[in-house]
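Notes to accompany the following structure.
It should be emphasised that the depicted structure is a prediction, and the values quoted were computed from it without experimental measurement.
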Amino acid sequence: HVPATLATRSRPGEGWMLMPDFKGRVLEGISVEQLSEGLRLLARMQIDSISRVAELLAVGFPDRRLERLAGELEMLLRDPVVLVGLLPEEIERLHRHRPRFEEMCARLAGYRVPQTLLHGDFQGGNLLVRDGNILIFDWTDGCIAHPFLDLITCISNRYPAFNEQEQAAIRDAYLAEWSEYESPERLREAAQLAWPLGALHQALSYRDIMATPSDATRWELAGAAGYFLKHALKAVEPQAGEAR
């Protein structure tokens with residue numbers, strides 16, 4: 001369910017990977033059923049990776065667990081690259097909510113769902129169907145974090161055709177795979193906490209991505225972190241934003 005790797009080469013400041021051409025139909029116009037199936041598959045991969053977290057960290061997976069996320073929020077919200085596209089009053093509100101975001105990190109860590117593999121950009125554009133099976137690609141943002149943070153990229157307003165009932169069905173299909181860890185009610189509570197934290201995680205990812213491209217390509221990503229910071233605000237200020 002992931003692309004095969006033919007060869008890798010790693011040296012300080014540089015990494016290369018060679019894969020065969022993997023053909024298939026990309027699911028950019030993904031349906032509720034397809035996205036639900038993809039998320040169930042992702043959940044099984046995440047659960048299978050729980051016992052290998054130490055190994056994954058040792059070979060270089062970024063550590064983006066909740067305690068790290070909480071510890072980086074103050075610096076994140078003072079980074080001018082991250083704040084592109086935000087109004088001054090939005091930036092002020094984010095700073096005001098920072099203690100709340102940190103408290104949400106602690107609360108989410110209190111659930112029995114382990115922190116494990118995270119894809120980092122799970123959405124239809126990174127899924128394809130090949131020989132009847134779903135293949136998940138583009139693991140560039142893979143890391144170790146709370147698994148529910150992957151929900152933000154696949155059930156956000158990138159898919160406006162999904163109404164609230166459909167979004168709930170997609171979420172619940174994913175959460176059902178975690179039933180051995182918490183009750184359905186507590187899993188939904190954890191997913192609700194993970195929504196704004198997933199948005200903050202995305203902002204951190206784009207901050208790191210923006211640190212690597214040349215000036216010639218930086219414009220392509222400008223405002224991406226701010227887009228997700230707006231999502232975080234909407235999640236904690238529902239009266240000020242749109243319902244998700």
Minimum heavy-atom distance [X]-[Y], with the two atoms named:
X      : Y      : result
Ala235 : Pro196 : CB-CB, 3.7 Å
Glu182 : Arg112 : OE2-N, 2.8 Å
Glu166 : Asn163 : N-OD1, 2.7 Å
Leu77  : Leu229 : CD2-CD2, 4.2 Å
Ile50  : Thr116 : N-OG1, 3.5 Å
Arg171 : Ala191 : CD-CB, 4.2 Å

[atom1] of [X] to [atom2] of [Y]: how many Å apart, nearest 0.5 Å?
X      : Y      : atom1 : atom2 : value
Cys143 : Phe61  : SG    : CZ    : 8.5 Å
Arg93  : Leu87  : CZ    : CG    : 8.5 Å
Leu118 : Ile144 : CG    : CD1   : 8.5 Å
Tyr174 : Leu41  : OH    : CG    : 11.5 Å
Leu108 : Leu149 : CG    : CG    : 7.0 Å
Gln192 : Leu197 : CD    : CG    : 11.0 Å

How about [X] and [Y]: do any of their side-chain heavy atoms sit closer than 4.5 Å?
X      : Y      : answer
Phe228 : Val82  : no
Tyr227 : Lys230 : no
Leu128 : Leu27  : no
Leu175 : Pro184 : no
Glu102 : Met104 : no
Tyr181 : Pro114 : yes
Leu127 : Val26  : no
Glu92  : His95  : no

Criterion side-chain contact (heavy atoms from CB on, under 4.5 Å) on Ile209 and Thr140, from CA distance to verdict: CA-CA 10 Å; Ile209 293 169; Thr140 308; over 6 Å; no
Using modelled atom types only, decide if a donor and an acceptor are shared between the side chain of [X] and the backbone of [Y] within a distance under 3.5 Å.
X      : Y      : value
His1   : Asn133 : no
Arg64  : His201 : yes
Ser36  : Ala173 : no
Asp150 : Gly120 : yes
Asp141 : Ser205 : no

Plane angle bin for His146 and Phe148 - parallel if under 30°, tilted between 30 and 60°, otherwise perpendicular: perpendicular
Does this structure show an ion pair linking [X] with [Y], if we count only N-O contacts that are shorter than 4.0 Å?
X      : Y      : result
Arg52  : Glu55  : yes
Glu189 : Arg107 : no
Glu72  : Arg68  : no

In terms of hydrophobic clusters joined by side-chain contacts under 4.5 Å, are [X] and [Y] together?
X      : Y      : result
Ile134 : Ile30  : yes
Trp195 : Tyr206 : yes
Val2   : Ile47  : yes
Leu76  : Val84  : no
Ile91  : Leu233 : yes

Working for side-chain hydrogen bond (donor to acceptor under 3.5 Å, both in side chains), residues His119 and Gln46: CA-CA 9 Å; His119 180 276; Gln46 291 172 321; over 6 Å; no
Other ILVMFWY residues reachable from Leu18 by side-chain steps of under 4.5 Å: Leu6
Arg98/Glu103 under side-chain contact (heavy atoms from CB on, under 4.5 Å): CA gap, chis, key distance, verdict: CA-CA 9 Å; Arg98 181 173 61 81; Glu103 186 265 340; over 6 Å; no
Audit row: Val236, Phe101, side-chain contact (heavy atoms from CB on, under 4.5 Å) steps and yes/no: CA-CA 9 Å; Val236 296; Phe101 290 135; 3.6 Å; yes
Trace of the side-chain contact (heavy atoms from CB on, under 4.5 Å) decision for Leu204 with Leu69: CA-CA 8 Å; Leu204 281 170; Leu69 175 61; 3.1 Å; yes
Pairs satisfying ring pair (Phe, Tyr, Trp, His ring centres under 6.0 Å), at least one member in residues 11-33, at least two apart: Phe22-Phe137
CD (Glu89) with more than 12 external heavy atoms under 6.0 Å: yes
Gln202 and His231: side chain donor to acceptor below 3.5 Å: no
